[in-house]
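The block underneath contains the structure these notes are about, expressed in structure tokens.
Atoms considered below: every heavy atom in the structure, side chains included; atoms not considered: hydrogens, waters and symmetry mates. Numbers here simply count residues along the sequence, with the first being 1.
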Amino acid sequence: MLSPEEFYDEYEGELAAKLPERPISSLRDIQHLYGRLYTLATAGGGDYAAYLTPDQANDLIGTEESVIVVRVDLTGSQPALDTEKPVDVTQYTDDHVPKVAHCKYSAAAGIDHSVTHRSGRNSDPEKLARYACERLTKWATDDVVQSVADDHPDGDVVRELATVGEDEDALDRIRAAVQTGLGGSTTALLTVQVRREAGGEYEWPGEISVFNEAMRARKLSKLVSKGQATNSAGEATDLVSGERTRTVGTAEDPLNYFLGKQMEKFPGLDPDEAWRSHPISEDGAVTLMNAEEFVDACSYRTFNADVYYFPYFLGRPTPEETANLYAALYRVTQDDDMNPVQALYDEFGDHEAASEGRLRFYVAAVMKHQMSRFDVYGETLNGRIHYPTEVGQQHEHVTGSWVFDEGDARNGDRTPPMPSHQEWDLTTYQQFREMVASGAYLYRTFPHTDEDTDATVDDERIDVHVSILAGDPVPRNQLVSAYVERLLDRDGDEVPELLIASQFAQLCALENAGLVTTDPSETEPTRLDGPDYDTMEPEHARTDGGTAALDRTEKLESFIEQTDGLDDPERKGAFLLGTLVGQVGTYQQGYHDRSTTVIDQYPIKSMTKTKIKRITQEVIDKDVVYSREMAKKGSEINSTMYKEVTNAIVETMAESDPSGWEISTDDLRFYYALGLTYGMNDRSTNEDDATDDETTHESPETNE
């Protein structure tokens with residue numbers, strides 16, 4: 001395959017004439033363009049270029065004993081093997097590529113479409129001798145090849161090869177010459193040369209038109225008969241070129257969207273009539289098949305599904321855009337270890353990612369149940385390269401902010417609102433683009449499916465992953481429901497703080513990237529005030545350093561103010577209750593060494609709207625009891641512990657009585673879990689609460 005520089009030099013000034021005339025408007029158009037570029041980069045132009053497979057023998061170039069040629073002299077009264085050298089064993093070189101005109105047939109038990117045939121890896125001399133004979137006994141006598149010979153002016157060349165193949169003495173000479181000429185097992189191309197003029201040179205298959213025409217006919221014969229189809233062909237409008245021509249119905253498809261076998265997807269389908277539902281011309285079908293190299297390179301597996309990520313330019317690509325596209329596709333084929341999303345981003349660069357240009361991506365997730373039965377789970381033609389990049393950058397901003405970074409100067413002596421750990425990737429600052437692009441980003445926060453089954457059509461991981469790649473916003477309630485399902489799937493009642501923190505960071509990143517929508521019944525969300533969290537301006541901020549209570553108040557108000565969703569009083573109430581339960585439970589564990597705390601008593605899965613009012617009262621009561629207990633032990637505390645939370649709870653629930661809440665159970669549990677994580681991560685002390693007279697007098701009235 002030509003390098004991008006070689007490709008540009010080879011086709012400079014000619015690309016416009018070699019490109020499709022109509023704009024890209026479908027997956028088939030993209031595949032056709034890919035196939036066209038691949039053909040130009042491998043076999044070049046010409047009538048038969050699309051049918052050849054020169055890359056199928058690239059690995060043999062430069063290796064010894066890699067071409068075995070049977071030489072047939074047609075200049076005598078009877079065709080015969082060359083008298084002096086019936087078989088030539090030589091080294092395959094770049095010069096041989098157009099001469100042998102190889103056309104691979106992927107079927108394991110079949111012969112290649114061309115008279116040139118590639119052997120299996122390290123075949124022994126006896127087997128290679130058989131393959132050499134089959135150039136005359138099998139390929140030359142093939143029905144399709146014979147049919148071409150009957151109508152071609154040079155048909156005698158094929159018939160004379162078959163005549164030599166009927167001579168057992170000639171076949172014995174071939175076998176003996178092959179085994180004598182080889183040093184042992186090898187991988188080789190086996191072909192023929194013929195001499196048609198006395199005293200002339202032997203000609204290669206690529207130089208003989210009837211060989212090329214027979215090769216083409218053999219390949220086309222596979223496009224109309226496959227599975228239960230025997231002759232699926234007819235005149236119709238080609239779906240790529242728009243021209244009325246002979247179309248075929250069982251062409252191979254790199255994505256297997258349409259095959260004669262898929263009758264279960266098209267009830268009542270007659271395979272012989274498949275050309276009517278998916279008409280593609282013969283040349284068009286072959287060009288689509290040639291896209292396989294680029295199609296495979298632009299795909300990767302995640303969640304047991306194959307994700308396809310095909311770049312293209314809107315409309316009819318210009319020669320310059322086409323050269324850039326080829327360079328990107330070439331690079332993806334060379335980077336075996338790199339996710340294509342990352343490779344394509346590196347190729348197109350920040351400029352393309354940030355521009356409003358014409359670069360787009362076809363994105364789809366496909367589940368392969370069997371060799372040729374695929375289900376498509378997500379599909380769009382409007383993917384943009386900057387979406388996964390934007391989500392990754394937003395996540396980096398969130399985890400690099402004071403909300404997660406314990407070392408951030410804005411946290412002072414306080415703990416940050418959310419916990420982080422270097423072994424939990426989504427809670428620490430790092431490059432996230434590759435993780436987002438690969439799907440690992442959602443694997444860490446979404447519910448797992450049964451390990452014994454593949455992803456299903458309603459697998460939310462695939463749905464959201466394709467949405468991120470395509471830039472399609474995801475409903476907020478879908479994300480929250482998935483998060484809660486993952487939380488409840490865990491064994492035991494222990495609070496998964498780092499998992500919750502990861503989910504929170506992901507939700508913030510998706511919201512800030514503009515990839516989250518709200519239910520029409522909800523109020524317009526208030527997004528985080530930018531990724532830097534720089535707007536810490538709490539109402540009670542003090543310049544003299546403040547007390548622990550004021551520090552906690554400052555942190556709590558800042559977090560609530562800057563967190564999307566907490567402007568809703570019901571979500572805020574659930575969050576505050578979780579915060580108080582987390583703080584009181586941590587106190588029980590730290591000061592009373594209790595193995596069972598309020599955190600265990602009120603787990604996430606038990607939280608419902610009917611219980612929240614009672615639980616709130618019980619936890620506030622416990623807070624009051626422990627506050628008195630501390631006072632009796634000599635603490636100068638004159639108010640309740642965590643008064644900034646209890647004050648906020650009373651204020652919030654006074655505005656909206658929990659008995660009338662309309663919040664969904666998933667929403668309730670997610671924000672309660674978020675509050676638990678916040679409260680459990682709050683390790684500030686209560687020792688100097690009493691020094692703040694102002695807050696002491698603001699202690700809420702409770703039913704202590």
Side-chain angles (χ1 to χ4, degrees), residues 299-309 337-343 345 363-368 375 377-378 383 387-396 398-399 404 418-491 496-511 513 515-516 666 670 673-674 677:
S299 65
Y300 58 97
R301 285 189 66 77
T302 187
F303 309 130
N304 293 325
D306 289 307
V307 175
Y308 294 94
Y309 195 68
D337 298 330
M338 187 177 291
N339 181 288
V341 178
Q342 180 69 43
Y345 180 85
V363 181
V366 178
M367 179 63 68
K368 298 179 178 178
D375 281 339
Y377 288 167
Y387 291 125
T389 300
E390 177 69 8
V391 172
Q393 290 176 343
Q394 292 296 346
H395 202 107
E396 290 162 25
V398 173
T399 53
F404 281 87
M418 290 290 117
S420 62
H421 192 283
Q422 59 183 4
E423 294 184 3
W424 281 79
D425 295 335
L426 298 189
T427 65
T428 57
Y429 179 83
Q430 59 176 302
Q431 293 282 334
F432 287 102
R433 184 176 62 203
E434 180 73 13
M435 192 184 300
V436 175
S438 69
Y441 188 59
L442 301 174
Y443 184 84
R444 287 164 166 77
T445 57
F446 272 50
H448 296 306
T449 58
D450 188 338
E451 293 181 354
D452 295 328
T453 62
D454 292 329
T456 58
V457 68
D458 58 352
D459 191 321
E460 291 178 307
R461 298 173 303 176
I462 292 179
D463 186 33
V464 176
H465 183 60
V466 172
S467 293
I468 290 175
L469 294 179
D472 294 331
V474 181
R476 180 194 183 88
N477 56 9
Q478 181 182 357
L479 291 171
V480 170
S481 295
Y483 293 154
V484 172
E485 183 179 345
R486 173 67 177 266
L487 295 178
L488 300 187
D489 279 348
R490 299 179 72 261
D491 295 329
E497 300 167 76
L498 290 168
L499 172 58
I500 296 167
S502 299
Q503 293 174 335
F504 169 72
Q506 185 176 91
L507 180 61
C508 292
L510 292 172
E511 285 172 337
L515 295 180
V516 177
D666 284 339
F670 177 74
L674 185 64
T677 303

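- Note that CE of Met418 and CD1 of Ile500 are 8.5 Å apart. Values are rounded to the nearest 0.5 Å.
- Closest approach of Asp489 and Pro447 over heavy atoms only: OD2-CB, 3.7 Å.
- The aromatic rings of His465 and Tyr300 lie perpendicular to each other, with more than 60° between the two planes, well past the 30° mark.
- The minimum heavy-atom distance between Pro419 and Thr677, with the atom names listed, is CD-CG2, 3.4 Å.
- Heavy-atom contacts from other residues, nucleotides or ligands closer than 6.0 Å to CD of Gln430 number more than 12.
- Side-chain contact between Met435 and Leu426 is present, with at least one heavy-atom pair separated by less than 4.5 Å.
- The shortest side-chain heavy-atom distance between Leu499 and Trp424 falls under the 4.5 Å cut-off.
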- Message: Between Val391 and Leu510, does the side chain to side chain contact (heavy atoms under 4.5 Å, CB included) criterion hold? Intermediate values first, please.
- Response: CA-CA 6 Å; Val391 172; Leu510 292 172; 3.9 Å; yes
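- Between His395 and Phe432, the two ring planes are tilted [angle within 30° to 60°].
- The nearest pair of heavy atoms linking Phe404 to Thr427 is CD2-O, 3.6 Å.
- A 4.5 Å side-chain heavy-atom check between His448 and Arg461 finds at least one atom pair inside the cut-off.
- What you find for Gln394 and Ala513 is that their closest heavy atoms are CG-N, 4.0 Å.
- Of all the heavy atoms in Gln478 and Val464, the pair that sits closest is NE2-CG2, 4.0 Å.
- Contact record, Tyr387 with Leu515: CD2-CD2, 4.4 Å, taken as the closest heavy-atom pair.
- Note: Ile468 CD1 to Asp463 CG = 10.5 Å, rounded to the nearest 0.5 Å.
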- Output, in order, the C-alpha distance, side-chain angles, deciding distance and verdict of side-chain hydrogen bond (donor to acceptor under 3.5 Å, both in side chains) for Ser481 and Asp666. CA-CA 6 Å; Ser481 295; Asp666 284 339; 2.8 Å; yes
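- Contact check for Glu485 versus Phe446: no side-chain heavy atoms found under the 4.5 Å cut-off.
- The one candidate from Asn477, Leu479, Val484 that meets the side chain to side chain contact (heavy atoms under 4.5 Å, CB included) condition with Phe670 is Val484.
- We find the CZ-CZ distance between Arg486 and Arg444 to be 10.0 Å, quoted to the nearest 0.5 Å.
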- Report the C-alpha separation of Leu442 and Gln506 in whole Å, then their side-chain angles, then the decisive distance to 0.1 Å, and conclude whether the side chain to side chain contact (heavy atoms under 4.5 Å, CB included) test is met. CA-CA 9 Å; Leu442 301 174; Gln506 185 176 91; 3.8 Å; yes
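- A 4.5 Å side-chain heavy-atom check between Leu487 and Gln503 finds at least one atom pair inside the cut-off.
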